[in-house]
A.B. asks: 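This is the structure I want to talk about, given as structure tokens.
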Amino acid sequence: MLLLGLRGALSWARSCRLPGPDWSRGVSGALRLQETKYSPLVQTARGYARPVKKRKQVLPSHLDDLPPTMLKKDYANVPIIDKVDDVVKRLLSLEMASQREKVKIKTQQLIEKVRRSPSDNGSFEVQTAILTAKIQTHQEHLQMHPKDKSNRRRMLMAIDRRKKLLKYLRRTRCETFEHTCKQLGIQYTLPPPYCRRMTRRWAAKKAFCLKVFNEVQKLKAPERLKQRREWQAKARAAKEQTLQSEGTPV
């Protein structure tokens with residue numbers, strides 16, 4: 001059996017021989033033929049080539065108007081900040097600040113535009129400014145990461161909350177509402193009027209309800225008439241009693 005296996009292997013190796021001085025005999029020649037069978041064009045077409053990386057587009061941000069030399073919120077009112085070195089000032093400026101710290105400063109700037117007094121921290125205008133800063137931050141994040149579902153949900157919740165606040169301001173104090181929208185750059189659009197599509201089922205249901213209501217009113221009519229006559233009799237008796245009491249001498 002071993003001899004038969006060796007004979008079969010030798011016969012297969014002889015069949016794989018190729019003519020030419022650059023080709024070796026046996027299995028190695030067959031493998032070389034298999035390697036040189038595909039050209040570089042075929043490999044590129046099959047996706048073996050390295051794809052070209054696309055450059056990320058730089059999108060505008062609502063934090064671009066913040067100057068990089070501006071100090072952070074926690075160090076802006078420190079009295080000895082003017083005496084420190086320029087390197088320390090650079091470390092404490094917005095040039096080295098994180099995204100969260102920049103958003104805090106931007107939120108404070110929006111609050112200063114619409115607050116009623118220096119001690120106002122919870123009015124409807126201040127809440128609208130805080131929600132506006134959050135919404136702009138979520139929108140920029142979604143432009144870079146459009147598949148972030150949780151961030152989109154937070155943004156929609158903030159938009160609904162701000163819409164309710166603006167609706168209340170528009171109903172109660174119209175001048176404050178206009179000033180808030182102008183300062184924060186909000187374009188308020190009126191909600192569409194309520195409209196319901198009329199279907200056959202809805203029309204039949206409404207006609208049936210009206211018919212039932214009219215029948216109930218007809219059944220209650222005698223009882224209401226009887227109750228009305230009793231009220232009229234009581235009122236007439238009370239009036240006669242008052243007239244008799246006024247006519248009798250004291």
A.B. asks: Roughly how far apart are Leu110 CG and Ile130 CD1, rounded to 0.5 Å?
C.D. replies: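 Leu110 atom CG to Ile130 atom CD1 measures 10.0 Å (nearest 0.5 Å).
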
A.B. asks: Any side-chain heavy atom of Gln232 sitting closer than 4.5 Å to one from Arg228?
C.D. replies: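 With C-beta onward as the side chain, the pair touches.
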
A.B. asks: Taking the ring of Phe177 and the ring of Tyr168, is the distance between their centroids below 6.0 Å?
C.D. replies: no

A.B. asks: Could you check whether atom NZ of Lys102 has more than 12 heavy atoms from other residues, nucleotides or ligands sitting under 6.0 Å from it?
C.D. replies: yes

A.B. asks: In a check of salt bridge (charged side-chain N to carboxylate O under 4.0 Å, His left out) between Glu125 and each of Lys182, Arg116, Arg115, which one passes?
C.D. replies: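 Between Glu125 and the candidates, salt bridge (charged side-chain N to carboxylate O under 4.0 Å, His left out) is satisfied uniquely by Arg116.
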
A.B. asks: Mind checking whether Val114 and Tyr188 sit in one hydrophobic cluster, side chains of I, L, V, M, F, W, Y counted as touching below 4.5 Å?
C.D. replies: yes

A.B. asks: Tell me whether Met157 shares a hydrophobic cluster with Leu131, the cluster being built from Ile, Leu, Val, Met, Phe, Trp, Tyr side chains joined at under 4.5 Å.
C.D. replies: no

A.B. asks: Taking all heavy atoms of His179 and all of Lys113, pick out the closest pair and write down the distance.
C.D. replies: NE2-O, 3.6 Å

A.B. asks: Identify the heavy atoms of Ser123 and Asp120 that sit nearest to each other, and give their distance.
C.D. replies: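 Where Ser123 meets Asp120 most closely, the heavy atoms are OG-OD2, 2.7 Å.
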
A.B. asks: Check Met198 against Ala203 and note the closest heavy-atom contact, atom names and distance.
C.D. replies: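 The answer is CE-CB, 3.7 Å.
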
A.B. asks: Please determine whether side chain to side chain donor-acceptor pair (under 3.5 Å) holds for the pair Asp148 and Ser150, giving the CA-CA distance in whole Å, both sets of side-chain angles, and the decisive distance to 0.1 Å.
C.D. replies: CA-CA 6 Å; Asp148 192 350; Ser150 61; 3.1 Å; yes

A.B. asks: Could you measure the distance from the CZ atom of Arg152 to the NE2 atom of His141? Nearest 0.5 Å is fine.
C.D. replies: 10.5 Å

A.B. asks: Drop me the distance from Leu142's CG to Lys147's NZ, to the nearest 0.5 angstrom.
C.D. replies: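 One gets 13.5 Å once the value is rounded to the nearest 0.5 Å.
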
A.B. asks: Quick one: which of Lys163, Arg162, Arg170 gives a side chain to side chain contact (heavy atoms under 4.5 Å, CB included) with Leu166?
C.D. replies: Arg162

A.B. asks: Nearest 0.5 Å, please: how far is CG in Leu66 from CD1 in Ile105?
C.D. replies: 6.5 Å

A.B. asks: Hydrophobic clustering (ILVMFWY, side-chain heavy atoms < 4.5 Å, transitive) - are Leu190 and Leu165 grouped together?
C.D. replies: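 They do share one cluster, since a chain of ILVMFWY contacts under 4.5 Å joins Leu165 to Leu190.
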
A.B. asks: Find the distance between OG1 (Thr137) and CE (Met155) and round it off to the nearest 0.5 Å.
C.D. replies: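 So the gap between those two atoms works out to 11.5 Å.
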
A.B. asks: Distance check, rounded to the nearest 0.5 Å: Leu225 atom CG versus Glu230 atom CD?
C.D. replies: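 Rounded to the nearest 0.5 Å, the CG-CD separation comes to 10.5 Å.
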
A.B. asks: Test side chain to side chain contact (heavy atoms under 4.5 Å, CB included) on Gln217 and Arg224 and set out the steps.
C.D. replies: CA-CA 10 Å; Gln217 293 297 323; Arg224 289 184 177 178; 3.0 Å; yes

A.B. asks: Check whether Leu184 and Ile135 end up in the same hydrophobic cluster, where Ile, Leu, Val, Met, Phe, Trp and Tyr are linked by side-chain heavy atoms less than 4.5 Å apart.
C.D. replies: no

A.B. asks: So do Glu240 and Arg236 actually touch side chain to side chain, heavy atoms under 4.5 Å?
C.D. replies: yes

